[in-house]
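Each ligand, and each atom within it, is numbered from 1 in the order the structure gives. Fair warning: this is a prediction, and the values are worked out from it, not measured in the lab. Counting begins at 1 with the first residue of the sequence.
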Amino acid sequence: MSYLSTRGGAAVTASQAILTGLAPGGGLYVPAMFPQVDRRWIANLSRMSYAERAVAVLSHYLEDYTPREIEQAVQAAYAPDRFDDPAIAPLRTLTDSTYLLELFHGPTLAFKDMALQLLPHLVRLAADKAGEKREISILVATSGDTGKAALEGFRDVPGTSCTVFYPEEGVSDIQKLQMTTTGGSNTRVIAVEGNFDDAQTGVKALFTSPAFAEEMNRRGRVLSSANSINFGRLVPQIVYYFSAYADLISRGAIAIGEPVNFVVPTGNFGDILAGDYARRMGLPVGRLICASNRNNVLTDFFSTGRYSTHRLFYKTSSPSMDILISSNLERLLYEAADRDGMLVDVWMRQLKESGSYSIGEQRRDALAKVYDAGFADERCTAMEIAEMQTRAGVVIDPHTAVAAYVLDEYRARTHDARPTVIVSTASPYKFCADVLASLKGRSAVEGMDAFACAEELEKLSGIPTPKQVRELKSLPVLHHRRCGKDYEQMAQAVLD
Ligand SMILES: *Cc1c(COP(=O)(O)O)cnc(C)c1O
């Protein structure tokens, strides 16, 4: 299997795509074709552990990794001591047609762990395959969750370093503390004076600057990315769509071949795109429902076919979805354009130069056969958290609540009664102040810090505060650096 850039150009191997992250010219790597699986292959998954399912899926994509390499990487990534649930990605039943796929049982309490526990192993192996002797410098722009997950994945991995840029005012208190208390000899955390798009744009500029690459090379380093633009982030996410489906089969909740919907809280479009890749491989997916918060650029895109960043940026209680430029959408555009890299290149230029592009009505209608989209504003999100607790006795985080709300709205609009999986992306404890405020009213959390909120939430939910949150209270803050949002300052911060 080789990999192509969404903007055209030469093919590379899986390990080359993973090692470089971004293709030359700014494109994203995509598989040259989608491996096909049949019903028997899918049915077999239902008898496997999560790690075995991961090996089965990854083997289709990572053709220049040996079976032994894949197996060892997967065993290390999904080791029982790294996740606090033996199922790794447990599927919880809410009603007879609604399920919650919990992806937050890893070390940093958000779904980013599903990929970032594995990626460092894939990068390390890729570097060895390429005979790369330079240090692999991972640069990350984070809207909150990727940063910590990347730091935990790469900390103390020999031959690598990990530098994270986060928007100074754009992450929750717990998220900020999770990052700034990270130990390890090779980790660095920098606050950017701007929002997530500023941080992401800056990091992308560093990646595509030949001068910066040359300067890093002079210092014995080579850049790589742990953002979801890296194919190595995407491929582990395909696994849990198959895993959820396999669990539904083994419970007798669906017949083999029966389509299942997924509703996915979406920001950079990496999570939901992995679901689409699973579908293109042969997983029976009905609808992929793209759920946005008030930053509903994707909702508008799916309804009009026009992507426009001429809009206000809102900070919300689901900060990991506070995004105007959704990077991985480019991979879907590539499919929508029938894999015409030149056309994608034109759209991406228009986006950069004028802040918008349009794919036309025909392509929009083709996408609408698979995708639906909706959004939840702040009031609806808070209401959904409270309602989910009353209706199902489950406390969900604001990102998951956005998805649950959009599903309610989708069902009311379409009367689609298919079994549907809500992809649950974070532990409520990661956003405990907003969750508690949704359950008890804003005034109930007045003056309380995140730890007091966690204690209160524990009483309400009956789920103990995860130790990753409890221990933050006593860990020293190790990272204090800030920098401006322009290229020069961010480049200097990395070089320092
Ligand atoms: C990153 C993240 C999302 C959005 O996922 P994308 O792949 O960027 O669409 C949703 N919820 C949480 C909790 C996240 O950390």
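Among the atoms of F269, some N or O lies under 3.5 angstrom from an N or O of ligand 1. Between H399 and ligand 1, not a single N/O pair is under 3.5 Å apart. Taking any N or O of T266, backbone or side chain, none lies under 3.5 Å from an N or O belonging to ligand 1.
Of all atoms in ligand 1, listed by their number and element, those nearer than 4.0 Å to a heavy atom of A426 are 13 (C). Atom numbering of ligand 1 starts at 1 in the shown order; those under 4.0 Å from a heavy atom of G270 are 6 (P), 7 (O), 9 (O). Interface of G267 with ligand 1, defined as ligand atoms under 4.0 Å from a residue heavy atom, comprises 4 (C), 6 (P), 8 (O), 9 (O). For ligand 1, the atoms closer than 4.0 angstrom to any heavy atom of D145 are 12 (C), 13 (C), 14 (C), 15 (O).
Counting only heavy atoms of the protein, atom 7 (O) of ligand 1 lies nearest to D271 N, 2.9 Å. The single protein non-hydrogen atom nearest to atom 14 (C) of ligand 1 is K112 NZ, 2.8 Å, given as residue, atom name and distance. Among protein heavy atoms, atom 11 (N) of ligand 1 sits closest to T425 OG1, 2.8 Å. Among all protein heavy atoms, the one lying closest to atom 8 (O) of ligand 1 is N268 N, 2.7 Å.
Of the inter-residue distances, the one linking T316 atom OG1 with M321 atom CE reads 7.5 Å to the nearest 0.5 angstrom.
Applying the side chain to side chain donor-acceptor pair (under 3.5 Å) rule to D197 yields no partners; only residues at least two apart in sequence or on another chain are considered. A search for side chain to side chain donor-acceptor pair (under 3.5 Å) contacts involving S143 returns nothing, not counting sequence neighbours.
With hydrogens and angles disregarded, a donor-acceptor distance shorter than 3.5 Å links the side chain of T6 to the backbone of L28.
Not a single heavy atom of S228 sits under 4.0 Å from any atom of ligand 1.
Relative orientation of the W347 and Y357 rings is parallel, given thresholds of 30° and 60° on the angle between their planes. Note: Y78 and Y50 have perpendicular aromatic rings, judged against thresholds of 30 and 60 degrees for the angle between ring planes.
A cation-pi arrangement, defined by a distance under 6.0 Å to the six-membered ring centre and an angle within 45 degrees of its axis, is absent between R339 and Y334.
Here the closest heavy-atom approach between residue M114 and residue A89 is recorded as CE-CB, 4.0 Å.
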